[in-house]
Amino acid sequence: MFVLIGRIFTLPFSPGSAALGINIMSALSSGFTILFLFWTITHFARRIYTQHGGELSRNQLIVVMGAGAVGALAYTFSDSFWFSAVEGEVYAMSSLFTAVVFWAMLKWEHAADSEHGDRWIVLIAYLMGLSIGVHLLNLLTIPAMVLIWYFKKSKKTTGWGAFWAFVIGCLITGAVQKFVIQDTIKVAGMMDVYFVNSLSLPFFSGFIFYFVGILALLVIGYFKPKVGMYAPLILIATVVLIPAFPEGSGGAARAGRVIFAIAILAIPYLVKAFGVKIDFNKLRHPVQLVNSCIFFLLMGYSTYITTMIRSSANPTVDMYNVDNPVSLVGYLGREQYGDFPLIYGQVFTARPESYKETNNIYARAGNKYIVAGKKQVPVYGAADMMLFPRVWDASNDQGHADYYKAFLGLRDGEKPSFGDNIRFFLGYQVWHMYIRYFGWNFIGKQNDTQGFGNPRDGNMLSGITPLDNIFLGDQSEMPDSLKYNKAHNTFFFLPFLLGLLGFLFHYSRHRKDALIVGLLFFFTGMAIVLYLNQAGNQPRERDYAYVGSFYAFAIWIGLGVMSIYSFFEKRKFPAAATLAVVISLLAAPVLMAQQGWDDHDRSKKVIARDVAKDYLESCAPNAILFTVGDNDTYPLWYAQEVEGVRPDIRVINLSLLGVDWYIDQARNATNQSPAIPMTLTPEQYRGENRNYVMFFDNGKIPQDRFYNLKEVIGFLGDDSDNAKVPLNTGEKVNYLPTQKLFIPVNKAAVLANGTVDAADSARIEAQVPFVISKQMIFKNDLAVYDIIATNEWKRPIYFTSPIDLGFNDFLSVEGMTYRLSPTRRNTPDQMLPGLNDQVNTKRTFQTIMEKFQYGSVNVPGVYFDEPNRRMLQTIRNAHTKLAVALVNEGKKDQALTILNRQDTMFLPGNMPYAMTSPGNMHNLWGMEIVYAYYIAGDAKKAQDISAQIVKDLDQQMRYYRALPASKFTNDLQDDARRAEQFKAMLQQWHQQFTSDSAKLLEGNQQFGNAPAPAQDSPKP
């Protein structure tokens, strides 16, 4: 749905401005979200004054309209919503659907007693179906809407009645998510496998048959109540029963499904058995309503058919290759992200005792579906399982397991207790990953640095100094780079207090409506916390996930106007209504807008596009560019596919390369990029095949020699038993016979195609030897090795950053990329590790001077947050590396040209040289610039930059000294040590490269007053 609407908005624009169309779409979605929020607030406000639509007095009208304006504008300028309001993402449109659906339910409440009032419920079902094509947040409004229905339809409401309405709302939400969204597609995929493989019918035939049958049954049920009563039950029975029969289903599971399906279909008979008479005439309207809702929900959901249509056209960017119903099942189930436990599951220290095979994995091949493997489900011991598992992720790829240990103070191998589990839930998932974000929006925000639990980075901050100092330490000692960070926004608790007043006033005046808003607040906030079960050390801030709860709280901020008016009215204040509105406007939206304007203005920011162009322009023609993460992949695809930048380059994401469909896509020609040849066949990568390959010394291959990579790849593709090793389970798998490999080099070829310049021909080695340090390589690693071995230096191979594949010594910097080269990096001789790369100075100089773009960092007043600064740093680092390499070649004039270019382009107000950051990495990169200026011969410029860094380091150390020991966390202790070390290095350079060091040495103090490193368990 998002893609379809987005396409409409891009039609009026040229390819170079297509992104503007998407931004406009998001801005309009956000604007209408605010409009519907305004109407929602005024609905609740009006009901407080008049229950039956009576006329309002002049003052009441002012207060009602003012409440709507204050609440809606407060949400407009809330940090999380504002950030997503214009970006090319789904969150703005998701907020719009949530706002419209909740408002529509309130409209139904007005019209519920009319003849056609239930049309609003049908509309809501259709909108929910459409919203699934954008984001699933909309479904979380269902419990609140069921409560609205209960309060409206029940003649006598009770606490228990409200409770059961809540339970029913939860069940409906679960049923829609499970049976309608997931299982209908799953069953349709199974039907398609049967129709194609067993009946020899075309692809999609079973899919169409199932959905046409369900929709026809719902239509018939609309006109015939007896059929209509069974139609929803039949739908549920099919999604329970059909999965019992494919190959791979166990006998017990099959019997259980059959019994459950029969029980569902027998519900009407069971009702009759208890003496309840079923009058189909009286049930006609409810049956029609239920069938209509399911029908239109599925019709809205049908927008996902366009995903299969698009994929069948084989576009360049074809995520998950959803060209058949079976692939659609995995796509909608987000299978690429794995599974996680919610109610009962393992702890992070657990290791699988075995793996249980479940259903077949099917893949499209030719005109049939083939079995590509079986799903493997890990089985854990009972001692490693617990209820409500919150510390569950044993993976340490992103440091999750280490974070659990650090947060809970566990030793290596120590198993977390249930108390540890709850402590992590409350301390991290609830406080750090939700309440902190709530505070950003309505209390205040410390800075834009991603927070991991220390008192310096990314916390909520009110601006009330004594209170902030109690929780976060003395904020007056904070380094200037953080103290004056544009994202340092203080609201003094005012929006929060206004919302709290609104809640209390709402609850006292209209308890039912307050409960409805409260349910919306809970399900779009805490319920998401419970469901996501986030592991520690998230790669980015996740506040955007909870904007629904911030939306609900904004309703209470609006109603806070009524509380203030009530206070003024009782005390006979003149112009009480106007005064209440003005005070509330100043306390919330005006303050929030004033504080947040400078860090939410993205009107001139083009950093993502420009960095993408710089990566692409750094590559030679017809290159293969391996990327690592989302931020260095999607912008590159945008630049290629939309703006037509360097379509000759093949961009390959290393994470996606671990799945068969993406490997298959690499084999196809794309744009102006030829197909990528590989040694292993598609079938050898299919499904679970070679998901991982372990190193095993078979005793036949000497381990003191290096072996040809291409020959080893061929061995890994040998499916005979001679090339496999048995596991404990009896299964035989391929193995890696050696970790020492080499890539043979054709000297004439690498000179002819420009991999190595003629001037460096003497440095070309006969082979590129490397050692795989890991005991196991995964499918994505294997595919990279396969591509490199099969390529045989015919196409340039690049990486956006060095990776752990073993041949980093043979990577050469060109622009912002690292090219695989048969020339070895010289022995590191620079004191800063980031400056030891080998650099192709000729190409990098030409690329920077002629091709590089800078993302508006040269435009005054543009704000760059922490992720943006990291992207900008990659551009700056390219200048630094080149300058140092040019100095080593004796080209100091060119080095200064490059250094001065970055100094001119990177305005200090946008991207300073000195800034406090985690690990002091920003200052480290600034020091690289200092060093480069020194060795290039411009000591004055080096001293100027050095002075800025020393100032920040001094301010850091003063801040750390002011922290109480309990808040001086391990990461801050590391930063303090680095600050001392970096300052000493800068002083050493100053003495080394200049004769006058007096100024820099002034105020030199030892960092002796800092709290000693903690001796007990580490803190995050």
Show, in sequence, the C-alpha distance, side-chain angles and deciding distance for Asp974 and Arg977, and conclude whether the salt bridge (charged side-chain N to carboxylate O under 4.0 Å, His left out) test is met. CA-CA 5 Å; Asp974 290 339; Arg977 285 189 286 269; 2.4 Å; yes

Trace of the side chain to side chain contact (heavy atoms under 4.5 Å, CB included) decision for Leu625 with Arg650: CA-CA 6 Å; Leu625 175 59; Arg650 176 62 64 91; over 6 Å; no

Correct closest heavy-atom pair for Val628 and Ser655 would be O-OG, 3.5 Å

Residue pairs meeting salt bridge (charged side-chain N to carboxylate O under 4.0 Å, His left out), one or both in residues 910-930, sequence neighbours left out, come to none

Are Asp632 and Thr800 close enough that a side-chain donor and a side-chain acceptor fall under 3.5 Å? yes

Pair Gln956-Tyr960, side-chain donor/acceptor within less than 3.5 Å: yes

Grab the two heavy atoms, one from Trp989 and one from Met927, that are nearest each other, plus how far apart they are. CZ3-O, 3.4 Å

Quick one: closest heavy-atom pair of Ser856 and Asn910, and the distance? O-ND2, 4.0 Å

Given Asp614 and Lys851, is the salt bridge (charged side-chain N to carboxylate O under 4.0 Å, His left out) satisfied, shown in steps? CA-CA 7 Å; Asp614 292 347; Lys851 300 290 187 180; over 6 Å; no

Which is it for Glu765 and Val745 under the side chain to side chain contact (heavy atoms under 4.5 Å, CB included) test, yes or no, and what are the steps along the way? CA-CA 7 Å; Glu765 302 202 9; Val745 177; 5.7 Å; no

Just so I know, are the side chains of Ile935 and Phe993 near enough to count as touching, which here means a heavy-atom distance under 4.5 Å? yes

Any ion pair linking Asp971 and Arg456 (charged N to carboxylate O, less than 4.0 Å)? no

What distance do Leu820 atom CG and Thr755 atom OG1 have between them, rounded to the nearest 0.5 Å? 8.5 Å

If you apply the rule ring pair (Phe, Tyr, Trp, His ring centres under 6.0 Å), what do you find for Phe742 with Phe706, and how did you get there? CA-CA 6 Å; Phe742 71 83; Phe706 286 81; 7.7 Å; no

Looking only at heavy atoms, which two atoms of Tyr785 and Leu805 are closest? And how far apart? OH-O, 2.6 Å

Does either side chain, that of Asp809 or that of Gln838, offer a donor lying less than 3.5 Å from an acceptor on the other one? no

Exactly one candidate in Lys842, Arg843, Arg763 meets salt bridge (charged side-chain N to carboxylate O under 4.0 Å, His left out) with Asp757; the answer is Arg843

Phe770 vs Phe807 aromatic rings, parallel, tilted or perpendicular, using cut-offs 30° and 60°? perpendicular

Quick one, Lys774 with Asp781, criterion salt bridge (charged side-chain N to carboxylate O under 4.0 Å, His left out). Give me CA distance, side-chain angles, the key distance, then yes/no. CA-CA 11 Å; Lys774 298 176 285 190; Asp781 299 326; 3.0 Å; yes

Would you mind telling me which of Thr847, Asn877, Val813, Ile848 makes a side chain to side chain contact (heavy atoms under 4.5 Å, CB included) with Leu882? Ile848

Once you measure the plane-to-plane angle for Tyr854 and His879, does it fall in the parallel (<30°), tilted (30-60°) or perpendicular (>60°) bin? tilted

When you check the side-chain N and O atoms of Asn900 and Asp903, is any donor under 3.5 Å from an acceptor? no

Give a yes or no answer on whether the side chain of Tyr798 reaches the backbone of Ala620 with a donor-acceptor pair at less than 3.5 Å. yes

Does the side chain of Asp457 come under 3.5 Å of the side chain of Asn447 through a donor N or O and an acceptor N or O? no

Check the pair Lys940, Asp944 against salt bridge (charged side-chain N to carboxylate O under 4.0 Å, His left out), reporting the backbone distance first and the verdict last. CA-CA 6 Å; Lys940 184 179 184 303; Asp944 290 343; 3.6 Å; yes

Over-ring placement of Arg876 relative to Tyr913, 6.0 Å and 45° cut-offs: yes

Counting N and O atoms only, with roles assigned by atom type, does the side chain of Asn808 sit under 3.5 Å from a partner on the main chain of Ile803, one being a donor and the other an acceptor? yes

Salt-bridge criterion met for Asp954 and Lys983 (N-O under 4.0 Å): yes

Suppose we screen for salt bridge (charged side-chain N to carboxylate O under 4.0 Å, His left out). Which residues come up paired with Arg646, at least two apart in sequence or across chains? Glu617, Asp648

State whether the side chain of Trp793 and the backbone N or O of Pro822 hold a donor-acceptor pair below 3.5 Å, judged by distance alone. no

If you round to the nearest 0.5 Å, how far is NE2 of His922 from CG of Leu872? 9.5 Å

Working to the nearest 0.5 angstrom, can you tell me the gap between Ser821 OG and Ile797 CD1? 12.5 Å

Run the side chain to side chain contact (heavy atoms under 4.5 Å, CB included) check on Gln450 and Phe452 step by step: do they pass? CA-CA 7 Å; Gln450 182 175 353; Phe452 292 104; 3.6 Å; yes

With a 3.5 Å distance limit and no angle check, can you tell me whether Lys605 reaches the backbone of Tyr863 through a side-chain donor-acceptor pair? yes

CG-CZ distance between Leu657 and Phe778, expressed to the nearest 0.5 angstrom: 14.0 Å

Are there more than 12 heavy atoms of other residues, nucleotides or ligands under 6.0 Å from atom CZ of Arg978? no

Side chains of Asn753 and Lys794 only: does a donor on one sit below 3.5 Å from an acceptor on the other? no

Nearest heavy-atom approach of Val86 to Asn23 is O-ND2, 2.7 Å

Would you say Ser673 and Asn671 are linked by a side-chain donor-acceptor pair, where the criterion is simply a distance under 3.5 Å? no

With sequence neighbours left out, write down each residue that passes salt bridge (charged side-chain N to carboxylate O under 4.0 Å, His left out) with Glu477, or none if nothing qualifies. Arg958

Pair Asp837 + Lys881: basic N to acidic O under 4.0 Å: yes

Could you tell me whether the side chain of Asn459 and the main chain of Pro455 form a donor-acceptor pair under 3.5 Å? yes

Roughly how far, to the nearest 0.5 Å, is the OG1 atom of Thr817 from the CZ atom of Phe799? 11.0 Å

If you take all heavy atoms of Lys604 and Val862, which pair is closest and at what distance? CB-CG2, 3.9 Å

Using the side chain to side chain donor-acceptor pair (under 3.5 Å) definition, which of the options Asp448, Thr916, Asp480, Thr449 pairs with Asn485? Asp448

In this structure, CZ of Phe864 is separated from NZ of Lys486 (nearest 0.5 Å) by 9.0 Å

Checking side-chain polar atoms at under 3.5 Å, does Thr633 have a donor or acceptor matched by the opposite partner on Asn653? yes

Just wondering, are more than 12 heavy atoms of other shown residues or ligands nearer than 6.0 Å to NZ in Lys951? no

Walk me through it: do Asn923 and Asp952 pass the test side chain to side chain donor-acceptor pair (under 3.5 Å)? CA-CA 8 Å; Asn923 285 333; Asp952 185 78; 2.9 Å; yes

